[in-house]
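Before any comments, here is the structure.
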Amino acid sequence: MMQNKPELSKLMNKVSELREFIINLYKGFIPIRALAPENGGDGEWDRAQYLISVVRQYFDNIKVIEAPDPRVSKGSRPNIVATINGIDESRTFWVIAHMDTVPEGDRGMWSVEPYEATVKGDLVYGRGVEDNGQGIVMGIAIGKLLRDLGVKPPFNYGLILASDEEVGSKYGIRYLIGTERGLFKEGDLILVPDAGNDDGSMIEVAEKAILWLKVTVIGKQGHASTPKSALNAHRLGMMLALRLDETLHGNYGAEDPLFAPPESTFEPTKVERNVDNVNTIPGKHVFYMDCRVLPKYSLDEVLTTVNKVAEDFCREHGCRSVVEVVNRDDPAPPTDPNSEVVQRLAKAIKVVKGIDAKYMGIGGGTYAKYIRMMNIPVAVWMTSKGTGHSPDEHVNVNDILSDIKVVLASMMT
Ligand SMILES: [Zn+2]
């Protein structure tokens, strides 16, 4: 592969000139919201049209795979698959990013408009600039650079911009895997830039299993001045949440140092709105739990425990409860740190950033899981301050530029 070395330095020398392109790209798509219907949005259609118009300029082949979804006005959740032909066309180096974002949350906590790309020095602020706009701009910028300099990569360069990552990937990567057989081939190198740490040393090779639960507690509504005639579902719901919290942490408390954090996590999160007035005792209380479970435990086991705790609790207190699974991702086999994609990245990180890569597992779920389930190795990596889903989400353009160099070095050498 020595013949690629001059091509690589040619590319490397031009990376810093991508700064304006990246900022303008952000300014183009961040204002076009891409929220799943579950999050009160109308899907990714409009954002995808914009991104297709950009990708068209730099990639040889573009295919849009539409997952039908009657809940959105266009009836479709688009997934963009773009490739640049390489010298060896039997393999592809893939970058996979997602177009959808989570909502902005409490606007009062933002110091900038969430749906504008606000530039302050080297930082760009906005909902989705990191998660997963960072993967989008990186993936497109690499394509632009190859095209602008007329460099043919050693194998195909592929970019997938998918839908529906934030609420389970059913209309995104899972749909692609299900309908596009043979999209990923043995020997492909796959990078998912959707998680990372702040110096870019972490290569994520494993993910915890994910279980989202909805727990409904039913008591009896009544007047707040006469609680004996009612059964306060809110109070019982809080008590049940605490009991679940305690039992799950107690029963599944093992630690695995590969993961950060090393233990399984069980967090009570969302609570549904109940009564509208202060003087009514709620007859129904609905809360949710987000569980991230180490691969050594089975989710069936965790679910059995949750159901048992809820049944025992309701027997004691005379209420009824319903436990529903809102989202479930069983664990996938971890990627071997010695796999080609991980090793190429690790070498490139050393060359470009001058640091040693470390291999880790995380609690967040990414696309990688579904690809790992097919026993294809995937590296999840980028340089990230971890501001995704938070107010004032931001990225540092210098991190993106240096990440582009790492990807080029992984691919071209
Ligand atoms: Zn993401």
Side-chain angles (χ1 to χ4, degrees), residues 36 38-39 102 164-175 177-178 204 206-219 233-256 258-272 274 284-334 361-375 389:
E38 289 89 336
N39 285 327
V102 293
D164 192 35
E165 193 274 342
E166 296 290 355
V167 286
S169 298
K170 185 181 166 200
Y171 302 91
I173 202 76
R174 281 161 66 193
Y175 186 82
I177 289 170
E204 186 256 71
E207 293 174 9
K208 290 174 187 168
I210 297 179
L211 185 62
W212 289 356
L213 297 173
K214 174 183 179 183
V215 182
T216 305
V217 177
I218 297 148
H234 184 197
R235 179 187 289 116
L236 293 172
M238 292 190 290
M239 289 164 66
L240 176 57
L242 289 175
R243 189 179 288 187
L244 285 170
D245 188 322
E246 199 180 330
T247 310
L248 292 171
H249 282 102
N251 290 10
Y252 305 101
E255 299 196 354
D256 180 341
L258 176 69
F259 287 88
E263 68 280 355
S264 302
T265 56
F266 304 96
E267 291 296 309
T269 52
K270 173 171 157 177
V271 174
E272 277 183 17
N274 54 19
K284 188 172 139 189
H285 179 81
V286 182
F287 68 95
Y288 293 74
M289 289 193 77
D290 176 304
C291 312
R292 312 281 165 135
V293 184
L294 288 177
K296 67 174 291 185
Y297 298 121
S298 95
L299 290 185
D300 285 332
E301 202 186 325
V302 173
L303 259 178
T304 305
T305 304
V306 170
N307 280 311
K308 170 112 184 25
V309 169
E311 276 163 30
D312 289 352
F313 179 87
C314 282
R315 200 171 308 120
E316 287 165 36
H317 292 93
C319 51
R320 281 197 302 124
S321 70
V322 182
V323 177
E324 292 163 84
V325 175
V326 178
N327 186 19
R328 172 180 180 154
D329 273 330
D330 288 277
I362 62 166
T366 73
Y367 282 151
K369 176 173 295 149
Y370 308 108
I371 305 168
R372 286 180 184 143
M373 279 176 180
M374 303 187 294
N375 281 309
H389 297 217

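Remember, it's a predicted structure, so these values are computed and weren't measured experimentally.
Among pairs with a residue in residues 309-319, those fulfilling side-chain hydrogen bond (donor to acceptor under 3.5 Å, both in side chains) read Arg243-Glu316, Lys308-Asp312, Asp312-Arg315, at least two apart in sequence or across chains. Screening residues 296-306 for salt bridge (charged side-chain N to carboxylate O under 4.0 Å, His left out) gives Asp300-Arg328 as the qualifying pairs, with residues at least two apart or on separate chains. Residue pairs meeting the side-chain hydrogen bond (donor to acceptor under 3.5 Å, both in side chains) criterion with at least one member in residues 260-270: none, sequence neighbours excluded.
Note that OH of Tyr288 and OG1 of Thr216 are 7.0 Å apart. Values are rounded to the nearest 0.5 Å. Separation of atoms CZ (Phe259) and CD1 (Ile362) is listed at 9.0 Å; rounding is to 0.5 Å. Here the SG atom belonging to Cys319 is positioned 11.5 Å from the NE2 atom belonging to His285, to the nearest 0.5 angstrom. Rounding to the nearest 0.5 Å places CD1 of Ile177 at 5.0 Å from CD1 of Ile173. Once rounded to the nearest 0.5 Å, the distance linking CE of Met289 with CG of Leu248 reads 5.5 Å. Met238 contributes atom CE, which lies 14.0 Å from atom CG of Asp245 (distance to the nearest 0.5 angstrom).
Remark: Tyr370 pairs with no residue by the ring pair (Phe, Tyr, Trp, His ring centres under 6.0 Å) rule, at least two apart or across chains. Under the side chain to side chain contact (heavy atoms under 4.5 Å, CB included) criterion, Val102 pairs with Arg127, Glu166, His389, sequence neighbours left out. Annotation: salt bridge (charged side-chain N to carboxylate O under 4.0 Å, His left out) contacts of Arg372 (sequence neighbours excluded): Glu204, Glu207.
Taking the six-membered ring for Trp and thresholds of 30 and 60 degrees, Tyr297 and Tyr252 have ring planes more than 60 degrees apart, a perpendicular arrangement.
The backbone N or O of Leu211 lies less than 3.5 Å from no partner atom in the side chain of Arg292, so there is not a single donor-acceptor pair. Without hydrogens or angle criteria, Asp329 side chain to Ile210 main chain gives no donor-acceptor distance under 3.5 Å. Judged by distance alone, with hydrogens and angles left aside, the side-chain atoms of Asn307 form a donor-acceptor pair with the main-chain N or O of Leu303 at under 3.5 Å.
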Determine, step by step, whether Leu213 and Phe287 satisfy the side chain to side chain contact (heavy atoms under 4.5 Å, CB included) criterion, reporting the C-alpha distance in whole Å, the side-chain angles of both residues, the deciding distance to 0.1 Å, and the verdict. CA-CA 8 Å; Leu213 297 173; Phe287 68 95; over 6 Å; no
Would you sort out whether Cys314 and Arg320 count as a side chain to side chain contact (heavy atoms under 4.5 Å, CB included), showing the intermediate values? CA-CA 6 Å; Cys314 282; Arg320 281 197 302 124; 5.5 Å; no
Carefully, step by step, assess Leu244 and Phe266 under the rule side chain to side chain contact (heavy atoms under 4.5 Å, CB included). CA-CA 9 Å; Leu244 285 170; Phe266 304 96; over 6 Å; no
Kindly indicate, with the supporting measurements, whether the criterion side chain to side chain contact (heavy atoms under 4.5 Å, CB included) is fulfilled by Asn327 and Val167. CA-CA 8 Å; Asn327 186 19; Val167 286; over 6 Å; no
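Nearest heavy-atom pair, Lys208 versus Pro261, reported as atom, atom and distance to 0.1 Å: NZ-O, 2.8 Å. Closest of all the heavy-atom pairs between Met373 and Asp330 is CE-O, 3.2 Å.
For Glu246, the CD atom sits in a loose shell: 12 or fewer heavy atoms of surrounding residues, nucleotides or ligands are nearer than 6.0 Å.
With Val309 as the partner, the side chain to side chain contact (heavy atoms under 4.5 Å, CB included) test is satisfied by one option alone out of Asn251, Val215, Thr247: Thr247.
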